[in-house]
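Comments concern the structure below.
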Number of protein chains: 2
Amino acid sequence: MDVDSRLLRSFAAVAEEGNLTRAAERLYVSQPALTKQIKQLEQLLGVRLFTRSRAGMALTGPGRALAARTPDVLAAVDTAVRETRSAGRAEARVLRVGFLASAANEATQDIVADFGRRRPGLRVELRQAAWSNPTAGLADGEVDAALLRLPFPGQDTYRVEVLLTEERVAVLPSTHALAGRARLDFRELWDEPFIAAPPTTGPFCDYWLAVEARPADRPVKIGAVTDQPDEWLSAIANGYGVALAPASAARFYARPGVSYVPVDGVAPTSVGVAWAPADDENPVVRDFVRSCLRAVGEGPAGPTGSPTTGP
Amino acid sequence: MDVDSRLLRSFAAVAEEGNLTRAAERLYVSQPALTKQIKQLEQLLGVRLFTRSRAGMALTGPGRALAARTPDVLAAVDTAVRETRSAGRAEARVLRVGFLASAANEATQDIVADFGRRRPGLRVELRQAAWSNPTAGLADGEVDAALLRLPFPGQDTYRVEVLLTEERVAVLPSTHALAGRARLDFRELWDEPFIAAPPTTGPFCDYWLAVEARPADRPVKIGAVTDQPDEWLSAIANGYGVALAPASAARFYARPGVSYVPVDGVAPTSVGVAWAPADDENPVVRDFVRSCLRAVGEGPAGPTGSPTTGP
DNA sequence: CGACATCCATGCCGTCAGGTTATGGATGCA
DNA sequence: TGCATCCATAACCTGACGGCATGGATGTCG
């Protein structure tokens, strides 16, 4: 009689995709396994959830009823997990902060330093996330706050403060014909293969391919897919393709074989600090956000900068 | 990363009992199994949920956070299951009605007949529940409506219409000294062993032992525990004890070896129809409730009876 | 009309999660 | 000191569940 939330996640995936095979690969299980899970759920509920057909899996009436309720259930589970983990960290006097590679770059140190002055008893644990985890652990309660490039998937369900905005630059193999240029236009890169983030990251992936700055008849060519900064830099250095990056990457990820060139024709990129609405009243998280705003308000140069107005 | 709702149910039981051993028997699993489940949940969440001690299991801070959220999660799961099953029955053109043995008795046939006239296309499936299932399947979505003796556990979370009220009578072995009496007082039964419902039914069990009509220094003696009408009648006929029953039981459960005698000094008993709040707008359930009220309004004798005032 | 592609179901098998029983260690209590 | 209580651990066993390979149904296209 006990409906496992794992079955509900599978159900939700199949309901959304309308297709077992695709849902299976989205969930990283085999298609027969998913067939069995759905069967099991149907038997557990005593109800037929899908009508199987050549075209795929279509929801029945009861299936729609369940699909309508599933988000509530999964959200309740996620909330419970998130709050429990957060309470655990609070008890251990730890604030865990997730960040995506090259999110806050040099600002990060200033933020942590400022927070350390505000909350001497607390330890900040920084967690670097792969690009395939675009909320850097915020979604599953692994972290209390995250430093992210904006926009990120699910942004509307979190609180976000924008911290800073910077140009995007092109990252090229040093052997590339354009690598010596002082500046270039994004149009010159239309036909280059790009090093992309995993396609599961959706808008994030598209954003760093700048698909919006391309004509429809010049689709992006993918030279390689990487999930980590070092993979990414290696792929570029090896000539598999080029990429866009925030300007600060030139300072943080300088290495032999890779060149950074300012580029016109793509919008700048912003970094924000994000947290869960449930932590709105959490004084530690609030202090961390204050530290973020303060640190970037002071400017990246640190103590020599003059204080500016923070909210 | 996936928190199974079964683990949450286990967690909730341990949190409530504050004791692994007792929680284990409440959940019908062994104590080591529960130990492992709690350990697993703690590992999954990366948090210590209980402080173990000689005295039992006490919640930690994160444990309290989880305990605060668990009811939401379980309620969401139960709602989802209930609504899905209900949708399945609606699609199959079936209204499933649970009833406890001797709940509505003769009224039941009138109700079903009336409903059949209102909704010719629908089939009513009657499900008799054991006493150990005091909501007759309403709680787990097995049925759309239930005919129950009032009060029942969890009554506040459902909609209830009272249908009829009747005297309670004593049920005695025919060989019993009091069996020939035209009438007796409940005090005369204080020292008799009673045939009880399973103790897990709590208030329901107490109600039919009429513990409220007894002095504190005369605790009830239990002669046997039964979960079904036939077990119950057999136990009485075999002289294991006596019992209370609604007056209509004398007509519905008359059999050799069992005598029914009106009894003074215990409150009468009511029957109600109950349904889930989620079905408030469900036209089929509403019609069924109307049929219930109509049928008892007409009186149990059927078309010859004169209309009486319903609740 | 037949080869093919797509999509879901089934059979078989190996692994491991999760249950049970039996037992151990810690700790109050008589 | 022996006992009772309570949780943890060990050893073992069953079966749930996932993966692979394959089958059946059904559109599609050359």
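Lettering follows sequence order; numbering is per chain, from 1.
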Separation of B:Leu20 atom CG from C:dT27 atom P, in whole Å? 17 Å
B:Leu34 has an atom CG; how far is it from atom P of C:dT20, in whole Å? 10 Å
Over all heavy atoms of both residues, which pair between A:Ala80 and B:Arg69 is shortest? Give the atoms and the distance, please. CB-CB, 3.6 Å
May I ask you to say what A:Ala33 touches in the nucleic acid, namely base, sugar-phosphate or nothing, with a heavy-atom cut-off under 4.0 Å? sugar-phosphate
Please report, rounded to the nearest Å, how far the C1' atom of C:dG24 is from the CZ atom of B:Arg52. 17 Å
Looking at every non-hydrogen atom in both residues, tell me the closest pair between B:Ala12 and B:Thr70 and how far apart they are. CB-CG2, 4.1 Å
Across the strands shown, which category fits A:Lys39 at heavy-atom distances under 4.0 angstrom: base, sugar-phosphate, nothing? sugar-phosphate
C:dG19, OP1 or OP2 - any side-chain N/O from B:Arg6 closer than 4.0 Å? yes
Decide if the gap between the ring center of A:Tyr240 and the ring center of A:Phe194 is smaller than 6.0 angstrom. no
Pick base, sugar-phosphate or nothing for B:Gln31, based on heavy-atom distances below 4.0 Å to the nucleic acid. base
Checking B:Thr35 against B:Gln31: is there a side-chain donor and acceptor pair closer than 3.5 Å? yes
From CE of A:Met57 over to C1' of C:dA9, roughly how many Å is that when rounded to an integer? 10 Å
Are the aromatic rings of A:Tyr207 and A:Phe152 close, with centres under 6.0 Å apart? no
Between C1' on C:dG18 and CG on B:Leu27, what's the gap in Å once rounded to a whole number? 15 Å
What is the ring orientation for B:Trp131 with B:Trp232, classed by angle as parallel under 30°, tilted 30 to 60°, or perpendicular over 60°? perpendicular
How many whole angstroms separate atom OH of B:Tyr28 from atom C1' of C:dT20? 18 Å
Hey, which of these two, B:Lys36 or B:Arg22, hits DNA chain D nearer its 5' end, going by closest nucleotide? B:Arg22
Nucleotide range of DNA chain D lying under 4.0 Å from chain A heavy atoms: D:dC17 to D:dG27
At 4.0 Å (heavy atoms only), tell me whether B:Ser30 reaches a base, stays on the sugar-phosphate, or touches nothing. base
So for B:Gln40 and C:dA17, does any side-chain atom that can act as donor or acceptor lie under 3.5 Å from a complementary atom in the base? no
Do any pairs count as a salt bridge (charged side-chain N to carboxylate O under 4.0 Å, His left out) and have a residue in residues 30-50 of chain A, sequence neighbours left out, and if so which ones? A:Glu42-A:Arg52
